[in-house]
2 protein chains.
Amino acid sequence: MDRRQRKTREAIFRAFIDLLAKKDFAQITVGEIIDKADIGRATFYSHFETKDYLLKELCEELFCHIFDAMHEEKVNHKHIFDCNAPESVFLHLFQHLKKNDNNILELLSSQNNELFLQYFKRNLGKLVASQLYLFESRKSEKLPESFWISHITSTFVETLKWWIDNKMSESPETITEYFFLAV
Amino acid sequence: MDRRQRKTREAIFRAFIDLLAKKDFAQITVGEIIDKADIGRATFYSHFETKDYLLKELCEELFCHIFDAMHEEKVNHKHIFDCNAPESVFLHLFQHLKKNDNNILELLSSQNNELFLQYFKRNLGKLVASQLYLFESRKSEKLPESFWISHITSTFVETLKWWIDNKMSESPETITEYFFLAV
DNA sequence: ATATAACCGAACAATGAGTTCGGTAACATA
DNA sequence: TATGTTACCGAACTCATTGTTCGGTTATAT
């Protein structure tokens with residue numbers, strides 16, 4: 001990819017995340033983004049069809065970043081998905097989220113987290129569904145599978161929200177414990 | 001209240017709910033609302049400061065409607081909040097929601113339910129907090145109270161969402177059972 | 001060295017938000 | 001029934017924002 005394209009794209013994302021930390025998505029204008037990113041108007045529209053697509057691509061990038069990083073750690077340490085420690089997948093997720101590599105936390109500030117978390121939930125659901133055997137219990141037998149998957153996924157996201165609202169003061173280990181107690 | 005004011009207000013709400021059933025809140029314009037409601041532009045703005053306030057007032061009205069109706073039933077039948085049947089509060093909520101008196105279900109269609117449910121959750125949280133003793137269990141001892149309240153509230157809302165997505169084909173009794181199994 | 005592709009910037013039309021104002025009709029009160 | 005008040009109409013208006021266009025300029029790849 002052309003270095004110019006890459007720099008422009010990064011400048012837009014940076015400006016966008018900065019603005020998201022301050023105000024709601026709906027209130028952010030394209031004018032503000034291009035001013036902060038210091039690029040021309042036409043350039044913005046040559047990169048992103050609309051403001052909504054910008055958000056969508058940002059969410060995708062963050063999401064991939066989290067799961068790719070998780071995947072790498074998995075390969076290096078080789079102790080994830082250990083059947084004796086089913087909670088390790090989620091522990092790693094919480095750990096990675098706390099690292100806040102790409103200012104993810106700013107995106108997750110209470111105003112806009114709904115947007116990313118919705119996206120997050122849709123994809124996390126697939127992971128949960130594929131790892132459902134980890135959650136077998138007395139409860140799961142009495143509930144429809146789709147309800148059960150949806151409940152686990154939602155509980156993860158709600159746990160994450162609670163953690164963020166609490167300034168992430170607890171350790172990832174503690175949060176993982178809360179998650180498995182709740183679910 | 002002046003009959004003219006009441007009629008105008010109702011026409012606006014009606015048009016707004018109709019539109020919400022078809023498209024996302026962000027895509028609805030004031031122009032569409034006043035066309036459908038068949039009123040003047042200035043009239044709209046004399047009733048509602050902005051489109052956002054219209055949504056806020058609609059949510060408040062729906063929310064009050066649900067809880068007021070619940071309150072009446074409570075007075076008439078006198079068997080809610082029976083300590084032997086802690087689930088009855090939530091059963092009544094599910095029952096009332098299924099009745100769909102004011103086209104609530106259209107507002108809760110998957111596109112926009114996030115908005116109302118957020119509002120719903122904020123207020124339901126207070127109810128849960130005041131009735132927390134109903135949920136005492138092995139789990140609750142090990143979790144911070146604020147986490148526990150937030151989890152119960154979220155699980156209720158997520159259960160409701162799942163029910164709506166499933167066309168509300170289950171009975172309120174079954175859903176109440178699912179809710180108490182999950183939480 | 002040269003062709004290509006990205007960027008600039010300035011202008012443009014189109015849309016929607018929210019306001020203003022003079023005229024009309026419905027309401028409450030006496 | 002007469003009168004003053006208040007809500008509504010409708011049409012025009014300003015303003016902010018969106019998304020597009022185009023000719024000129026600069027960075028990049030080969």
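Chain identifiers are assigned alphabetically (A, B, ...) following the order of the sequence lines, protein sequences preceding nucleic acid strands; residue numbering begins at 1 within each chain. All values below come from the heavy atoms of this structure, side chains included, with hydrogens, waters and symmetry mates left out.
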How are the rings of [X] and [Y] set relative to one another: parallel (under 30°), tilted (30 to 60°) or perpendicular (over 60°)?
{"X": "B:F156", "Y": "B:F90", "result": "tilted"}
{"X": "A:F147", "Y": "A:H151", "result": "parallel"}
{"X": "B:Y178", "Y": "B:W162", "result": "perpendicular"}

Touch class at under 4.0 angstrom, heavy-atom based, for A:R3 against every strand present: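 Sugar-phosphate contact only - A:R3 comes under 4.0 Å of backbone atoms but never of a base.
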Sugar-phosphate only, base, or nothing, as touched by B:D38 at under 4.0 Å among non-hydrogen atoms: sugar-phosphate
Spatial distance of atom CD (B:E61) from atom CZ (B:R9) [nearest 0.5 Å]: 5.0 Å
Contact under 4.0 Å: A:T50 side-chain N or O vs D:dT18 OP1/OP2: no
side-chain N/O B:H47 vs D:dC8 OP1/OP2, d < 4.0 Å: yes
Integer-rounded Å distance: C:dG16 C1' and B:D52 CG: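 The answer, rounded to whole Å, is 14 Å.
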Interatomic distance where CD belongs to B:Q5 and P belongs to D:dC9 [whole Å]: 12 Å
First of A:G40 and B:G31 reached from the 5' end of DNA chain C, by closest nucleotide: A:G40
Sidechain-backbone polar pair: B:K51 side chain, B:I28 backbone, donor-acceptor under 3.5 Å: yes
Most 5' of A:I28 and A:A42 on DNA chain D, judged by nearest nucleotide: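 Looking at DNA chain D, the more 5' nearest nucleotide goes with A:I28.
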Centroid-centroid under 6.0 Å between B:F16 and B:F44 rings: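 Aromatic pair excluded; centres sit 6.0 Å or further apart.
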Relative orientation of the end axes in the helix from C:dA1-D:dT30 to C:dA30-D:dT1, expressed as an angle to the nearest 10° (five pairs per end):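 Result, rounded to 10 degrees: 40°.
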Under 3.5 Å donor-acceptor pair, A:R41 side-chain atoms to D:dG19 base atoms: yes
